[in-house]
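Computed from a prediction, not measured in an experiment: that's the story for all the values here.
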Amino acid sequence: MTIEWHYTVEQGLGILSVAGYLGADAARRFSGAVGWVNGRGTGPVVVDLTQLRGWSAEGQLALADAARRLAETGRSLELAAIPADGSLVPAGDCPPMRIHSDLAAALEAHAVRREEAEEGQVWRTTGWPDSASSAAGTGLPPGSPVAGHAAP
């Protein structure tokens, strides 16, 4: 089982949404997504876990590693909508991670108002739940990042 991801920037706030199960098999893909995100922004990154079905200890370690990698470049990692069990136990050397109850709370904490956000660039894997039609015919292998524009 793996994950799919979707990344956008809204008013300087990076939003990395993750769907699927973040386990040992998906940790490398998540790490790749974080590398992608780190190369395309400068502000805080909210990892939206609304569509995440669950995570393992390895998945949680991948989140802690992501927080460290982002901190090395002056960026912070925040989490929105952690899985229902709420069992996030970051490693001792993990930078602090702000936790939000959901994505709306994270956006509010950063004073991001979606109705005022301009249409922006979106990156996502081809298997992202709402991207089936836009990813069709790209010629890219499954799971490759697809660039597109956000829907109004």
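In this structure, the side chains of I15 and E10 come closer than 4.5 Å at one or more pairs of heavy atoms. Between I82 and W55, the closest side-chain pair of non-hydrogen atoms falls below 4.5 Å.
Checked for salt-bridge contact, E108 and R113 miss the test: no charged N lies under 4.0 Å from a carboxylate O.
In this structure, the separation between OG1 on T2 and OH on Y21 is 12.5 Å, given to the nearest 0.5 Å. Note: R124 CZ to L16 CG = 13.5 Å, rounded to the nearest 0.5 Å. Atom CD of E4 is separated from atom CH2 of W128 by 8.5 Å, given to the nearest 0.5 angstrom.
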Check residues 38-49 and write down every donor-acceptor pair under 3.5 Å in which the side-chain atom is one partner and the other belongs to a residue at least two apart or another chain.
residue	atom	partner	partner atom	Å
N38	OD1	T73	OG1	3.0
N38	ND2	T73	OG1	3.4
R40	NH1	W36	O	3.1
D48	OD1	T50	N	3.1
D48	OD1	T50	OG1	2.4
D48	OD2	S17	OG	3.3

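Closest heavy-atom contact between V122 and H6: CG1-NE2, 3.2 Å. Summarising the geometry of Q11 relative to A111, their closest heavy-atom pair is OE1-O, 3.7 Å, with the distance given to 0.1 Å. Nearest heavy atoms, P95 versus A67: CG-O, 3.7 Å.
For A66, the side-chain contact (heavy atoms from CB on, under 4.5 Å) partners two or more places apart in sequence, or in a different chain, are F30, V34, L77. Qualifying side-chain hydrogen bond (donor to acceptor under 3.5 Å, both in side chains) partners for H110, counting only residues two or more places apart in sequence or in other chains: E78. The side-chain hydrogen bond (donor to acceptor under 3.5 Å, both in side chains) test applied to R69 returns S31, not counting sequence neighbours. Every residue two or more places apart in sequence or in another chain that forms a side-chain contact (heavy atoms from CB on, under 4.5 Å) with E58 is listed here: A24, S56. Under the rule for a ring pair (Phe, Tyr, Trp, His ring centres under 6.0 Å), H100 has no partner lying at least two apart in sequence or in another chain. Partners of A27 according to the side-chain contact (heavy atoms from CB on, under 4.5 Å) rule, which considers only residues two or more places apart in sequence or in another chain, are A62.
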Q: Show your working on side-chain contact (heavy atoms from CB on, under 4.5 Å) between R68 and C94 and close with a plain yes or no.
A: CA-CA 6 Å; R68 278 190 294 277; C94 181; 4.3 Å; yes
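At least one donor-acceptor pair under 3.5 Å links the side chain of T125 to the backbone N or O of W5. Judged purely by atom type and a 3.5 angstrom limit, R29 uses its side chain to pair as donor or acceptor with the backbone of I3.
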